[in-house]
Amino acid sequence: EESITILKHIDYKKILTIEKGSGHFTIDWMEKQNIKIEFAEDDKRKFIITPIQIGTGMIIINDLCLNYPTFMLPYSIVEPIDIKIQMMDKIELGRSVQGSFYIVDNRGNRIDSSLHKYLDLVITSSNNLLKIEEIIKPKDNYLSIFTVRAERLGLCKLLIQTQSTKIRSPLLAEIELQIFSPLRIIPNNITLIVGNVFQPQFIGGPQTQKNIEFELEDSNIAITTPIVYGPNGLIKALKNGKTRLTARVTSIDNYEYSSAQAEIYVTPLKKIQIWTPINQMIVGSSIPIYLIGNSDEHENPFMFGHSQPSLKISWSLSNEKIGTLENSFQKVGIYDSNEIAIRFTAHSIGTVMLKVMVEVTSTSRDPLFEQIVRNRPLTNSIQIQVYPEYVLSVSSPMDSFTNIKDQPNKQLTGRALLMSPQSELLIHQNSMDNIDYRIWNESSHIKLINKTGNLMLQAGNQLEFATLIIERDLHRTSINN
C-alpha cells in the first residue's frame, strides 16, 4: 500500500504484512504520539498498528539482511464526523427499497465500509412507517446498504446513528421520506368507439410534483393504435382493437416511483340501453337519464359520448303532456339536441314511453373504423310511470257526527301526530295502492283498530312516544306519535 488510513477506535487495530524481504525488519515511525507499532508474535512479517490520536505521520521499514531500499509508508489516523444517506425520498406503500450510506472522516474523505461495523450503527424510522428488512452490510469499498419496506402511508424520517461510546462524538443522519399509495388508473378497463377521446383518472403516486410518462403496448400494430398524448394522458381511439396503457411516475433522473396499467378496448357499439335510477316518479320530480352500451364490454357513457365524427342521438316521448326532456346544461343556457345524458321532469299523472335512436353521421366501409356495427341505427325504449304525490291526512272519528259538513281532513306535513290519552285518529291516504303498517315500538300501548282501508289509531292511558311505519310499495313513511 502506498498509504494507509486507520480509524481511531479503541477496538480497532490495523494489521499489515510485509510481503518481500528477508523476514527480519526494523520499524520506526514519526509522530509517535499518534500510533503504537509492534510485531506479531507468531509472524515477524506482520506488524500491528494501534491508533492513539488523530494525526498523520510516516512509517519507516528497513530490511536487516537484504539490501532493500528503505520503505516509507504514510499513515493517517482519522475519526468519523458525518453520515451521508443515499436513497429515494419517496416510496410506494408495500414496496421494499434499498438504501445506502457512506461515512466521511475529518479530512472529508470516505471511510472504508469494512470499518462501519466498529461504529455500532442502527437504522430507525419515526412514526413506525417503515420496517427494516435487511440490516447494514458493505456493498463496495465505501458504501454500506440496507433494505426497508413501506408499511403505512404518511411522512416519516429514516435515521442512521451510532451507538458506540468509543468514538469521540456520536453521529446522526436523517432523510425525510414520503410513503405514498400506489399509482392507479381509473377505470383500469377502458372501452371506446373509434374517434372517441377519454381522460382517465390517475390517483396515488407521490403527492408532490410528479412526472407521469405514458406508453401504449403494441401502439404500432394496425388494429391497436389508440394514442396517448398531453401531460394528463388523454386517450384517443383510432382503430378497433385492443392495447394496454402503462403510466409511470418517475423522478428527474428517471427513477420509477410507481406504475399502473389499464386495458383499452376500441370496439363498435352493438347495443344501447337507457339507464334511469327509477321508472316510477311523482308529479313535479325529475330524474337523470343517460345511455350506456349493452354488450357486456364496460360500455359507459364515456365510451361514445365525445367521438369525432360524433354520433347522432335522438330522444323522443310518446306523450309530451306527461313530462318533458331537457339536456344536462339547459339550466345554464347551453342547448344541444345531440346529448348522451338528459333529464326527464314529470308534469302530470300517467305512463309515457321514452325512446332513443343512435346513428352514425359518417359511415365506414372498413370494419376497423366502424363506430356502430355495420353502421346500423340502434334503438332502445323504456316506460316511465308518473304518480300523484302521496298524501296522508288525519281526522277524528267524531267528525262524522258534528254539524259541520264537508270538514276537510288535516294534512300531515310535519310527519308527527299529537294525541291525548285514550283518543282516536283516522289516517287517510290519497292512493289506492296496497299498504302495510305497524307500530315500531312493540311495548307501545297505541293500538291499530282498523287493519283494512283507513287506519284508526287508539292511544292508551299513558304518555309515551311511538312510531308508526307505513309501507307503500318500496317507499317507506314513518309517523311519530
Side-chain angles (χ1 to χ4, degrees), residues 271-294 299-306 311 313-358 378-395 408-417 425-438 440 453-455 467-481:
K271 297 179 181 179
I272 57 168
Q273 179 180 342
I274 299 173
W275 183 93
T276 62
I278 55 174
N279 58 5
Q280 294 183 343
M281 302 175 58
I282 295 174
V283 172
S285 62
S286 64
I287 57 172
I289 297 172
Y290 58 80
L291 282 179
I292 60 175
N294 190 25
E299 300 162 329
N300 57 38
F302 301 107
M303 172 191 179
F304 52 93
H306 189 68
L311 299 177
I313 303 174
S314 304
W315 299 88
S316 62
L317 289 171
S318 61
N319 188 343
E320 294 184 354
K321 293 181 179 180
I322 294 178
T324 56
L325 299 175
E326 59 183 22
N327 66 49
S328 303
F329 304 102
Q330 186 169 327
K331 290 184 178 181
V332 294
I334 301 176
Y335 298 89
D336 185 0
S337 60
N338 196 35
E339 283 280 345
I340 193 171
I342 58 172
R343 292 190 71 84
F344 173 79
T345 302
H347 297 303
S348 61
I349 302 170
T351 301
V352 65
M353 186 70 68
L354 173 62
K355 183 178 180 180
V356 68
M357 177 180 290
V358 179
L378 303 176
T379 60
N380 189 241
S381 60
I382 61 168
Q383 183 175 277
I384 300 175
Q385 296 176 324
V386 182
Y387 294 94
E389 184 178 1
Y390 187 53
V391 178
L392 292 177
S393 58
V394 296
S395 66
N409 297 331
K410 181 180 179 182
Q411 185 172 334
L412 293 179
T413 57
R415 302 285 185 180
L417 289 175
L425 280 179
L426 285 174
I427 296 181
H428 309 272
Q429 63 167 339
N430 68 335
S431 172
M432 299 301 293
D433 295 342
N434 292 328
I435 60 174
D436 185 24
Y437 45 87
R438 54 193 171 90
W440 179 265
N454 293 329
L455 303 178
T467 301
L468 172 65
I469 302 294
I470 300 177
E471 294 179 335
R472 173 196 176 216
D473 293 335
L474 298 178
H475 306 286
R476 176 172 293 181
T477 304
S478 64
I479 299 176
N480 299 325
N481 294 275

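Residue indices begin at 1 and follow the sequence shown. Because the structure is predicted, anything quoted here is derived from the model rather than measured.
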Between P277 and P288, which heavy-atom pair has the shortest distance, and what is it?
CD-O, 3.2 Å

Can you find a pair of side-chain heavy atoms, one from I313 and one from V356, that are under 4.5 Å apart?
yes

Using 0.5 Å steps for rounding, measure from the CE atom of M357 to the CG atom of N380.
11.5 Å

Show the numbers, then the answer: is there a side-chain contact (heavy atoms from CB on, under 4.5 Å) between F344 and T276?
CA-CA 10 Å; F344 173 79; T276 62; over 6 Å; no

Reported CD-to-OG1 distance for the pair Q383 and T351, which is rounded to 0.5 angstrom:
5.0 Å

Over all atoms of both residues, closest heavy-atom pair of L378 and I272:
O-CD1, 3.6 Å

Shortest non-hydrogen contact from G305 toward I340
CA-CD1, 3.7 Å

So, the side chain of W315 versus the backbone of E339: is there a donor-acceptor pair under 3.5 Å, distance only?
yes

Would you give the length of the straight line joining atom CE of M353 to atom OG of S381, rounded to the nearest 0.5 angstrom?
5.0 Å

Measure the CD1-CD1 distance between I342 and I289 for me, rounded to the nearest 0.5 Å.
5.0 Å

Considering all heavy atoms, the nearest S286-T345 contact:
CB-OG1, 3.4 Å

Got a sec: does the CD of E320 have more than 12 other heavy atoms crowding it under 6.0 Å?
no

Non-hydrogen atoms of L317 and V352 that approach each other most closely
CD2-CG2, 4.0 Å

Where I287 and M281 come nearest, the two heavy atoms and their spacing:
CD1-SD, 3.7 Å

Quick one, V283 with V386, criterion side-chain contact (heavy atoms from CB on, under 4.5 Å). Give me CA distance, side-chain angles, the key distance, then yes/no.
CA-CA 6 Å; V283 172; V386 182; 3.7 Å; yes

Spatial distance of atom CZ (R438) from atom OG1 (T467) [nearest 0.5 Å]
10.5 Å

Tell me, do L354 and L325 make a side-chain contact under 4.5 Å, heavy atoms counted?
yes

Evaluate side-chain contact (heavy atoms from CB on, under 4.5 Å) for N279 paired with I382, printing each intermediate quantity in order.
CA-CA 8 Å; N279 58 5; I382 61 168; 5.6 Å; no

How far does CG of L417 sit from CG of L468, to the nearest 0.5 angstrom?
8.5 Å

